[in-house]
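Just below is one structure, and these are the notes that go with it.
Each chain gets a letter, A, B and so on, in the order its sequence line appears, and its residues count up from 1. Keep in mind that the numbers below use all heavy atoms, side chains included, and drop hydrogens, waters and symmetry copies.
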Protein chains: 2
Amino acid sequence: MLRLSKLTDYATVILSFIARDTTQVHAAMEIAAATGIALPTVSKILKRLVNAKVLSSTRGAKGGYMLARLPEHISIATVISALEGPIAITECSISQQGCDQALGCGIRGNWNLINQTIHNALESVTLADMIRPIPAQDAQWQQEILIPVASLYR
Amino acid sequence: MLRLSKLTDYATVILSFIARDTTQVHAAMEIAAATGIALPTVSKILKRLVNAKVLSSTRGAKGGYMLARLPEHISIATVISALEGPIAITECSISQQGCDQALGCGIRGNWNLINQTIHNALESVTLADMIRPIPAQDAQWQQEILIPVASLYR
DNA sequence: TTGATTGAGGACTATTTTAGTCCTATTTAA
DNA sequence: TTAAATAGGACTAAAATAGTCCTCAATCAA
């Protein structure tokens with residue numbers, strides 16, 4: 001339902017934990033303990049964030065992870081594509097096959113507009129925004145948008 | 001990857017077909033033939049669109065489907081929620097469990113802002129926009145956003 | 001009134017994607 | 001040299017999505 005994967009959700013939790021203390025590196029085990037996310041899963045996410053150059057890592061004893069950039073320069077779009085690959089609402093073939101038959105392609109172009117809008121929205125929010133507490137007054141439109149779910153953490 | 005389901009994609013194709021000729025009802029079989037989407041799948045999509053009051057249906061011989069509203073009044077957000085349920089980027093528990101531990105909930109509120117932005121974007125584009133051909137000049141940012149895929153139709 | 005046509009509803013299966021785990025190799029501090 | 005960490009990737013399990021099919025209800029026309 002146009003939903004982020006759990007891993008991406010976890011990633012924001014992990015990143016905000018790391019962002020709270022930038023004076024030292026954080027080992028995967030420490031992060032797992034602090035967030036309650038299982039270690040192998042934490043580890044998997046951290047590796048992907050390193051590949052995307054969102055985090056930098058230090059190997060060996062006393063090793064761990066730290067932010068590779070300032071929180072202001074880590075956009076949500078970056079985090080999403082680190083975990084889930086490129087952000088694209090529609091699956092549109094660049095090779096023409098099937099796409100410009102009947103009614104297909106007149107529609108496609110307009111999806112791109114939507115793609116772009118969403119991408120901009122995600123690009124404009126950074127980790128710095130995410131770790132800043134928000135006013136509680138906004139609770140009212142949580143009801144409109146969110147759907148209930150059993151639990152976030154397993 | 002923050003992607004629409006295939007069914008939603010099909011739905012836009014089907015809706016734009018129906019919108020092209022509003023003078024008569026269109027049977028599922030006719031739509032399947034015109035779009036190249038398998039009949040059972042077309043049928044499933046049409047039923048969901050009727051439930052969402054995007055289409056109205058006539059049963060029996062000479063029956064079929066037609067738009068229940070003007071194309072200008074059918075938003076993409078409506079189509080998406082008809083096919084995929086409510087639009088929500090994050091799975092956030094309304095029951096507190098797990099969410100206000102450690103770092104969870106400071107983050108959540110900001111996701112809602114993103115949700116809202118995306119929802120607005122999807123609400124602002126209608127079927128009328130989708131069936132209107134777009135200028136080809138925009139082809140340049142198709143490269144940035146879209147990812148290649150084998151084929152849209154099976 | 002009856003038969004053909006067409007949608008409604010929902011159960012079911014198959015496929016694909018996502019989540020989660022684990023193993024082995026490499027790096028580094030002590 | 002050893003212990004503590006990450007890197008990379010293979011593998012399994014679980015969940016979501018896609019797709020099909022069956023039975024029932026409604027409508028039209030002969």
Do nucleotides 23-30 of chain D as a string where each nucleotide becomes B, S or -: B if the base has a protein heavy atom under 4.0 Å, S if just the sugar-phosphate does, - if no protein is that close. --BBBS--
Test: ring-ring contact (aromatic ring centres under 6.0 Å, His included). Region: [range]. Which pairs qualify, not counting sequence neighbours?
| range | result |
| --- | --- |
| residues 30-50 of chain B | none |
| residues 19-45 of chain A | A/F17-A/H26 |
| residues 29-58 of chain B | none |

Which pairs count as side-chain hydrogen bond (donor to acceptor under 3.5 Å, both in side chains) when at least one residue sits in residues 66-82 of chain B, sequence neighbours excluded?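 Non-adjacent pairs meeting side-chain hydrogen bond (donor to acceptor under 3.5 Å, both in side chains): B/S75-B/T78, B/S75-B/E123.
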Sub-4.0 Å heavy-atom contacts from residues 49-57 of chain A onto DNA chain D, ordered by number: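 Listed by number, they are A/V50, A/N51, A/S57.
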Identify all pairs in which a protein N or O lies below 3.5 Å from an N or O of nucleotides 9-14 of chain D, and state each distance.
none

Backbone of A/I31 reached by a side-chain donor or acceptor of A/T35 within 3.5 Å: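 Yes.
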Proximity to the side chain of B/A38 - top-ranked nucleotide from D/dT20, C/dG7, C/dT21: D/dT20
Co-members of B/L70 in a cluster of I, L, V, M, F, W and Y side chains, linked at under 4.5 Å: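 Reading the cluster by chain and number, B/L70 sits alone, since nothing else belongs.
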Mind checking who shares a hydrophobic cluster with A/L39, ILVMFWY linked at side-chain heavy-atom distances under 4.5 Å? A/M29
Run the side-chain donor-acceptor check on residues 44-68 of chain B: report pairs under 3.5 Å with partners two or more places apart or on a different chain.
residue : atom : partner : partner atom : Å
B/R48   : NH1  : B/L83   : O            : 2.9
B/N51   : ND2  : B/K47   : O            : 3.4

Residues two or more places apart in sequence or in another chain: which of them pass side chain to side chain donor-acceptor pair (under 3.5 Å) with B/T126?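 If we apply the side chain to side chain donor-acceptor pair (under 3.5 Å) test to B/T126, skipping adjacent residues, the hits are B/D129.
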